[in-house]
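Below is one structure; the comments refer to it alone.
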Amino acid sequence: MSNLLLAVLLFAETPDATAILKRADRAVLGERAIYTMRMTVERPGKPARVVDMKGWKKGDGQGLLRYTAPPKERGTAYLRSGDNTWLYLPNAEKVVRVGSKQNFGGGDFSNGDIFRLSLVDDYVPTLAGEETIEGQACYKLDLKAKDRSVAYDRVLYWVRSDGTYYPVRTEYYTISGRKLKWLTLSDVQRLGQRARPTRLLMESALDRGARTELQFLTIEDEPAIDDRLFAPSALERGQ
Amino acid sequence: MSARAGALLLVVVVAVAGSTVAADRPELELGVESLSYETTETRLNRGNVLGLADTEELLRATFDGKQALGDARAVFRGYVQRTIGGAAASTDWTVRQAYLQYGWGSGLQLRIGKQRIAWGSGFAWNPTNRVEPAKNPLNTSLEQEGAWAARMDWVPAPWAGVILVAARSDTEPGDLPFAAPAQTRRTAALRARFLVKDTDVAAVFSGGKGQRTLLGLDVGRSVGGTLTAHVEAALYRGAELQPPRDDRSYTRVVAGVLQTRGDDALSLEYFYNGEGYTSAAADVYLATLDATSARALDPSLPPAARAQAASAYAAAAVVPYGGGLGLRRHYLQAAWTRTWSGGKWSLSARGTAGLADGGVAFTPGASYAPRGDVTLNLDAIVPLGPAASEYRLAPLRAAVQARARVIF
């Protein structure tokens, strides 16, 4: 009887997969944010490439990232609106449309990974159990792509089950089950108005030793952002 | 007048940079550019009428400055150039860009001064662009000089934008070791851009003094995870190449794709130049060149007749550099770029081919950035193909460009 009661209580306390995914989607960046971050791209036997950026995010569909350093790359900018991505090349002073599955900035994140941290719109989640990952008790979610236009056919997603819903690890797979890369989120610390994972490390499963780190430096939560900032012609403005 | 205005803008940049008003850190860049040309005699340069030395060199010291101050921004880019070799060794200076910009939020922006105006989705050719000076026909990768212009950007919604431009530019392409014909063009242009079902669609209208009225359409969209496609088309009445052919309408269309995957970028672009010469017309053009040059060099003719022929020859010989987008009808450009070592090294190769005559302008290049604030570039231009082909007609055997930049 007591076991049954415990099971009922546990069942009642475990949110469904969609609810977990929605909470995890907002754990790093909320609905709107202005932030700065540093991207470090590492390749075996080669010097690391370090780029500083300033970003603006509104909802799941709109994002803008401008390189601020190093000087030779300053002014380069990526804009995401829905499924569209544009790149601004300051030397040519030209806006070029690029593919959403292109690697962002020569690293291991795709444009879609960078600008669409939310997974709930693109995937159908299933709660596949609970596991300990990176020393954290986590819900394990199995995400299946809603259609073929989505960047990855299957995603395994571990989210902390301690009530914070911080994502801990994400693994990306092809339709044949081949692992492409995995993302580890760590360094939980207070940045902006709340604590959150501030370090995102994407490691390639295909190119051993290739990895890209995103380290958030500052985050301003829920600022007012004009939708028109996310127009392609605004890319040329230079800020 | 232009030089004065450029100098004035330079003063503004320096003054704003030094002002005590809260401002972003100024961005300054110093550089050296060297363009070295190996020349040759061709049917466009019979008897070396252009007066070229075997090696012509342009040596430049460049200065770029940018300063943001709140919603305002001032930009200056220019160089001092020493021409070495040939009949006309000289020193002069050029303002590439000098403008002031102010934005009212995200919806409205005004930019006044000499400026680059990217106009069209094409990479190598922009048939809807009448606001900028002509590109160097041999090397479309060179930094473009801007046009004196007032530009207004209005963004009523994220999916719509309108650009209005009033510009004055010379049609003379820069970076060549000889003078090409300059014709001032005054243009009013409008570009209305929309995002419709994940497709960029832009309607273009331009017209003004010294040019044809033009209607344009520009479309771009993603066609795969790493692939995008674009089409830029222009329709206008009357030819821009000689003869004028005022009673006929012409189209120019660029269609291309861009693939970006990992550290590689590959683009392929086809250009249809509706008013370009057919093979028969090109033969007539070249025969005219040959006939007039023969008369100009014929000692049996009286001096007045020779001078008249020389003048006619010179006028015809510079047609390829006269601001048109090409002499012939069909062109193809393939370009590839790859970066290595965390972006320190990059290699590129660009080939522009005239499909009608088999001529190719091949432009390999390398870039090295030992530090985040220093870049070194080395590019070459090699015209290849039959001697009578468009790119081989240029009086250049090869060219090398070396550039060094330090950013502060």
Side-chain angles (χ1 to χ4, degrees), chain A residues 40-43 45-51 58 61-62 69-75 79 81-103 105-108 110-112 149 151 207 210 225-234 236-239, chain B residues 27 29 66 68 73 75 101 103 105-107 109 115-118 121 123 141 143-144 153-163 193 195 198-200 220-230 258-263 265 339-344 369 371-375 405 407-408:
Chain A
T40 306
V41 181
E42 295 180 28
R43 296 288 180 263
K46 296 174 183 173
R49 175 170 177 251
V50 181
V51 178
K58 191 169 187 180
Q62 294 179 309
K72 73 184 175 72
E73 301 200 48
R74 194 162 47 204
L79 172 69
S81 179
D83 290 327
N84 307 286
T85 309
W86 296 270
L87 167 64
Y88 176 63
L89 302 164
N91 287 338
E93 304 198 29
K94 196 170 178 80
V95 176
V96 178
R97 180 183 267 270
V98 294
S100 60
K101 292 183 182 175
Q102 179 206 335
N103 285 4
D108 297 288
S110 71
N111 290 329
S149 68
D207 187 5
I225 302 178
D226 191 331
D227 278 344
R228 294 176 296 183
L229 179 67
F230 304 103
S233 54
E236 298 176 45
R237 186 164 299 148
Q239 292 188 2
Chain B
E27 298 175 26
E29 183 181 313
K66 292 181 190 170
R73 188 175 166 90
V75 172
Q101 171 183 309
S106 299
Q109 179 180 284
Q115 55 190 286
R116 287 290 318 273
I117 303 172
S121 59
F123 302 140
S141 72
E143 182 165 352
Q144 281 272 109
D153 285 64
W154 177 47
V155 182
W159 49 268
V162 176
I163 304 174
R193 182 185 181 287
L195 180 63
D198 291 332
T199 304
D200 294 316
R221 66 168 291 132
S222 298
V223 291
T226 59
L227 195 66
T228 61
H230 60 269
L258 168 69
Q259 180 166 52
T260 46
R261 178 176 285 177
D263 294 323
T339 57
W340 279 279
S341 296
K344 280 193 170 183
R371 297 176 3 183
D373 54 1
V374 175
T375 57
R405 292 189 302 160
I407 308 164
F408 300 94

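Heavy atoms only: backbone and side chains are in, while hydrogens, waters and symmetry mates are out. Bear in mind the structure is a predicted one, so any value in this text is a computation, not a measurement.
- A/Q102 and B/T226 share no side-chain donor-acceptor pair at under 3.5 Å.
- If you take CG on B/L195 and CZ on A/F230, they are separated by 14.5 Å, rounding to the nearest 0.5 Å.
- Every residue two or more places apart in sequence or in another chain that forms a salt bridge (Lys or Arg N to Asp or Glu O under 4.0 Å) with B/R371 is listed here: B/D373.
- Neither the backbone nor the side chain of B/Q259 comes within contact range of chain A, judged by heavy atoms closer than 4.5 Å.
- Ranked by non-hydrogen atom pairs under 4.5 Å with chain B, the options A/D226, A/N84, A/N111, A/D108 are led by A/N84.
- Between the CZ atom in B/R405 and the CG atom in A/N91 there is a gap of 5.0 Å [rounded to 0.5 Å].
- For B/I163, no part lies under 4.5 angstrom from a heavy atom of chain A.
- For a residue to count as touching a neighbouring chain, one of its non-hydrogen atoms must lie under 4.5 Å from one of that chain's; by this rule B/T199 touches chain A with the backbone only.
- Shortest non-hydrogen contact noted between B/P158 and A/P232 is O-CD, 4.0 Å.
- Interface summary for chain B: among A/G45, A/G106, A/A69, A/P47, the most heavy-atom pairs under 4.5 angstrom belong to A/P47.
- With rounding to the nearest 0.5 angstrom, the CD atom of B/E29 is 12.5 Å from the NZ atom of A/K72.
- The parts of B/D198 that come within reach of chain A are both its backbone and its side chain, each placing non-hydrogen atoms under 4.5 angstrom from that chain.
- The CG atom of A/D83 sits 8.5 Å away from atom OG of B/S222, with the distance rounded to the nearest 0.5 Å.
- Residues that satisfy the salt bridge (Lys or Arg N to Asp or Glu O under 4.0 Å) test with A/E73, not counting sequence neighbours, are A/R49.
- Across B/R193, B/R261, B/H230, the residue that shares the most heavy-atom pairs under 4.5 angstrom with chain A is B/R193.
- Closest non-hydrogen pair, A/K94 versus B/A118, comes out as CA-CB, 4.2 Å.
- The heavy-atom pair separating A/K46 from B/W340 by the smallest distance is NZ-CD1, 4.4 Å.
- Nearest heavy-atom pair, A/R228 versus B/V155, reported as atom, atom and distance to 0.1 Å: CD-O, 2.8 Å.
- Only the side chain of A/V96 comes within less than 4.5 Å of a heavy atom in chain B; its backbone stays farther off.
- Contacts of B/S121 with chain A are made by backbone atoms alone, with heavy-atom separations under 4.5 Å and no side-chain atom involved.
- Only the side chain of A/Q62 comes within contact range of chain B, judged by heavy atoms closer than 4.5 Å.
- Between B/I407 and A/R74, some side-chain heavy-atom pair lies under the 4.5 Å cut-off.
- Both the backbone and the side chain of A/R97 come within contact range of chain B, with heavy atoms under 4.5 Å apart.
- Options B/A160, B/A265, B/G161, B/G220 differ in how many heavy-atom pairs under 4.5 Å they form with chain A, and the most are formed by B/G220.
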